[in-house]
There are 2 protein chains.
Amino acid sequence: MILTLDLGSEVPIYQQIRDSVVAAIALGEVAEGSPLPSTRQLAADLGINFHTVNKAYDLLRQEGLLILNRKSGAVVQRDPTSGPPPAAFAEQWQARLRTLLAEAVAQGLDGPAVLTACAATLTGFGLPTVITAPELGELT
Amino acid sequence: MILTLDLGSEVPIYQQIRDSVVAAIALGEVAEGSPLPSTRQLAADLGINFHTVNKAYDLLRQEGLLILNRKSGAVVQRDPTSGPPPAAFAEQWQARLRTLLAEAVAQGLDGPAVLTACAATLTGFGLPTVITAPELGELT
DNA sequence: GCAGCTGTTCTATAAGTAATAGAGCAGACC
DNA sequence: GGTCTGCTCTATTACTTATAGAACAGCTGC
């Protein structure tokens, strides 16, 4: 997993770390059980404080994506092909999706362009993007 | 436009206001030229400080969605059916989309479910969601 | 003109967040 | 025993959020 930070970005460092790990999981670069660098190690590699890495890892644990303990270190808990996500997540995730898409629509992006962008991103994660439509069959 | 705030939410008030206005524009509830309440008026209605509303409106102006002046007050500048958005917006918007979709994938949502959620949200905004596929024709 | 609205700008304060830093504890491994 | 690990505590600096009061400048209607 390559982790590049943009210091000087308006998005917090711990958030960038979290997003990078999430992206790596989505991309399948790290599967369930894969170990992540220790907080002190990653902090040293990135040239930042280990408390900042600690915060990012703690966030990932709260989201159920990471298991942390003194025995195994930091290992990925879920992977993209495991069980269903909690309903609470899906609910607030859709609210964020709604906000993001509203922004695109308000800025004048048209529906098909937005939807193809979504599909392209998903296929970039190695996922099938089949939509079943009764009249037309399947579209990949 | 109905504007309900969730004080006690972790998302800042000015951000909630901004998101609500963006959603209203996307939904077509407010079209180009539509006047918005003045900062002091809206602040009084919401029971918050007018500086907070000011910050939200200033954000919307920076995004090109609002025109502010002493003559006309606050009026919507773009509407969903006007010209193309600036390229810089599309670029960083896709980065945010990528992060959001990665989160869903990492949590175990499958590709079709995510894509249909995107399509459903877009049709909720009254937009066509036609994807043209050479082999299959058009899917709405 | 004048009162009342508008956006705009300035200073200020209190609370929270982000990122830094140092120190220490407890468990696991060699 | 030494060294790694996660974990916790206190502390500081800087920035953000939300509040507040005051003032200025331009437009509108009486």
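Below, read A as the first sequence line, B as the second, and so on, with proteins coming before strands; counting in each chain starts at 1.
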So what does [X] touch, heavy atoms closer than 4.0 Å: a base, only the sugar-phosphate, or nothing?
X: A/S38; answer: sugar-phosphate
X: A/Y57; answer: nothing
X: A/T39; answer: sugar-phosphate

Run the side-chain donor-acceptor check on residues 64-72 of chain B: report pairs under 3.5 Å with partners two or more places apart or on a different chain.
{"from": "B/N69", "atom 1": "OD1", "to": "B/K71", "atom 2": "N", "distance (Å)": "3.2"}
{"from": "B/N69", "atom 1": "OD1", "to": "B/S72", "atom 2": "N", "distance (Å)": "2.7"}
{"from": "B/N69", "atom 1": "OD1", "to": "B/S72", "atom 2": "OG", "distance (Å)": "2.7"}
{"from": "B/N69", "atom 1": "ND2", "to": "B/S72", "atom 2": "OG", "distance (Å)": "3.4"}

Starting at [atom1] of [X] and ending at [atom2] of [N], how long is that distance when rounded to a whole Å?
X: B/Q16; N: D/dT17; atom1: CD; atom2: C1'; value: 12 Å
X: B/N54; N: D/dA22; atom1: CG; atom2: P; value: 18 Å
X: B/N69; N: C/dT9; atom1: CG; atom2: P; value: 13 Å
X: B/R18; N: D/dT17; atom1: CZ; atom2: P; value: 13 Å
X: A/I13; N: D/dT16; atom1: CD1; atom2: C1'; value: 16 Å
X: B/Y14; N: C/dG16; atom1: OH; atom2: P; value: 17 Å
X: B/D58; N: C/dT9; atom1: CG; atom2: P; value: 8 Å
X: B/L60; N: C/dG7; atom1: CG; atom2: C1'; value: 15 Å

_Protein proximity profile, nucleotides 21-30 of chain C - base contact B, sugar-phosphate-only contact S, no contact -, cut-off 4.0 Å on heavy atoms_ = BBBB-BSS--
Measuring only between side-chain heavy atoms, which start at C-beta, is [X] closer than 4.5 Å to [Y]?
X: B/L3; Y: B/L42; answer: yes
X: B/R18; Y: B/Y57; answer: no
X: A/W93; Y: B/L100; answer: yes
X: A/I17; Y: A/L5; answer: yes

*Heavy-atom closest pair, residues B/C118 and A/C118*: SG-SG, 3.6 Å
*Under 4.0 Å between a side-chain N or O of A/T52 and OP1 or OP2 of C/dT20?*
yes
*Measure from the side-chain heavy atoms of B/L68 and tell me the nearest of D/dT17, C/dA19, C/dT8.*
C/dT8
*Does CD belonging to B/Q62 count more than 12 external heavy atoms closer than 6.0 Å?*
yes
